[in-house]
Amino acid sequence: GENVGLHLPTLSVQEGDNSIINCAYSNSASDYFIWYKQESGKGPQFIIDIRSNMDKRQGQRVTVLLNKTVKHLSLQIAATQPGDSAVYFCAENGGTSYGKLTFGQGTILTVHP
Amino acid sequence: DAGITQSPRHKVTETGTPVTLRCHQTENHRYMYWYRQDPGHGLRLIHYSYGVKDTDKGEVSDGYSVSRSKTEDFLLTLESATSSQTSVYFCAISDRGTGDNEQFFGPGTRLTVL
């Protein structure tokens, strides 16, 4: 959404490059993580998820890596395209039920043609 | 947007007036959530529902109430709107309430309280 870009980390890449977006999570009880993409004026869109019993999960052009030791999550986007430009959020479940999620602040990805 | 609509999409209101936002889903998902999104705070959970007439508070529930009288509709009410409730509001749904299930989001409602 608009104005969510204030004070957010930014990443600028050239079309065709690989992008890596990082996220540090805080709750060691979290055992499920999601990456969302949000384009301006739209709701967050699910990209990929990972459970804590995994270190890596791959989707179409995206890979999520999880390092539980340092509570770090990353999203890798291969061959980044201008359509990938958006704000990317990670979310963690805090080990809770009812699917309650806690979201990170987000990273702005800008892809230059 | 996974069969989720929100209404209205934009609203401007005055301080002290009641406001109701509606989330409607066609997915028959049991779990529904209301979030607000603000600069510097990201998405924060206001209230959620784990079934018809079953709701609970999230982290920023003060000043908000919700109701869920049927599976497809989840209403968020600001009893007396304040300027601090100016925000973008998102509804989300999930078909399982386990801690490892993705949520799908609606398009959002931009609310301005003058």
Side-chain angles (χ1 to χ4, degrees), chain A residues 1-10 23-54 57 59 62 64 66 86-108, chain B residues 1-6 9-10 23 25 27 29-51 54-61 68 86-112:
Chain A
E2 296 163 33
N3 296 327
V4 76
L6 295 177
H7 312 302
L8 293 183
T10 60
C23 176
Y25 65 93
S26 58
N27 193 334
S28 57
S30 291
D31 56 12
Y32 177 66
F33 306 87
I34 306 178
W35 279 101
Y36 284 94
K37 171 187 179 183
Q38 187 175 27
E39 297 173 282
S40 182
K42 297 184 178 180
Q45 176 186 358
F46 173 86
I47 301 174
I48 191 168
D49 59 1
I50 188 168
R51 290 166 176 74
S52 60
N53 60 354
M54 304 172 68
R57 190 170 188 214
V62 295
V64 56
L66 175 61
V87 179
Y88 288 80
F89 296 93
C90 65
E92 59 179 303
N93 73 342
T96 64
S97 59
Y98 295 127
K100 288 188 286 183
L101 297 174
T102 300
F103 286 80
Q105 294 300 304
T107 297
I108 302 171
Chain B
D1 291 323
I4 310 169
T5 57
Q6 293 184 232
R9 293 294 314 279
H10 301 271
C23 177
Q25 58 139 334
E27 305 295 323
H29 284 359
R30 178 178 174 186
Y31 302 89
M32 299 185 75
Y33 311 83
W34 275 108
Y35 291 88
R36 59 179 290 173
Q37 186 173 43
D38 305 287
H41 292 281
L43 284 152
R44 293 180 292 172
L45 182 64
I46 305 171
H47 281 279
Y48 64 99
S49 171
Y50 46 98
D54 291 323
T55 64
D56 205 349
K57 297 178 179 180
E59 63 176 301
V60 290
S61 59
R68 186 139 177 236
T86 293
S87 187
V88 181
Y89 292 87
F90 289 100
C91 173
I93 64 174
S94 177
D95 65 351
R96 297 194 309 272
T98 57
D100 62 346
N101 194 41
E102 64 269 26
Q103 295 177 20
F104 299 97
F105 284 80
T109 293
R110 179 172 294 278
L111 176 67
T112 302

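Reminder, nothing fancy here: chain letters follow the sequence lines and each chain counts from 1.
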Atom group of B/Leu45 that falls short of 4.5 Å from chain A, counting heavy atoms: side chain
Residue pair B/Tyr31 / A/Lys100, side-chain heavy-atom distance below 4.5 Å: no
Nearest non-hydrogen partners of B/Glu102 and A/Tyr32, listed with the distance: N-OH, 3.2 Å
Partners passing ring pair (Phe, Tyr, Trp, His ring centres under 6.0 Å) against A/Tyr36 (at least two apart in sequence or in another chain): A/Phe103, B/Phe105
Minimal non-hydrogen separation, A/Gln38 against B/Phe90, with atom names: NE2-CZ, 3.3 Å
Shortest non-hydrogen contact between A/Ile34 and B/Gln103, atoms and distance: CD1-N, 4.4 Å
B/Arg9 portion near chain A, given a 4.5 angstrom heavy-atom threshold: side chain
For A/Cys90, all residues meeting side-chain contact (heavy atoms from CB on, under 4.5 Å), sequence neighbours excluded: A/Cys23, A/Trp35, A/Leu73
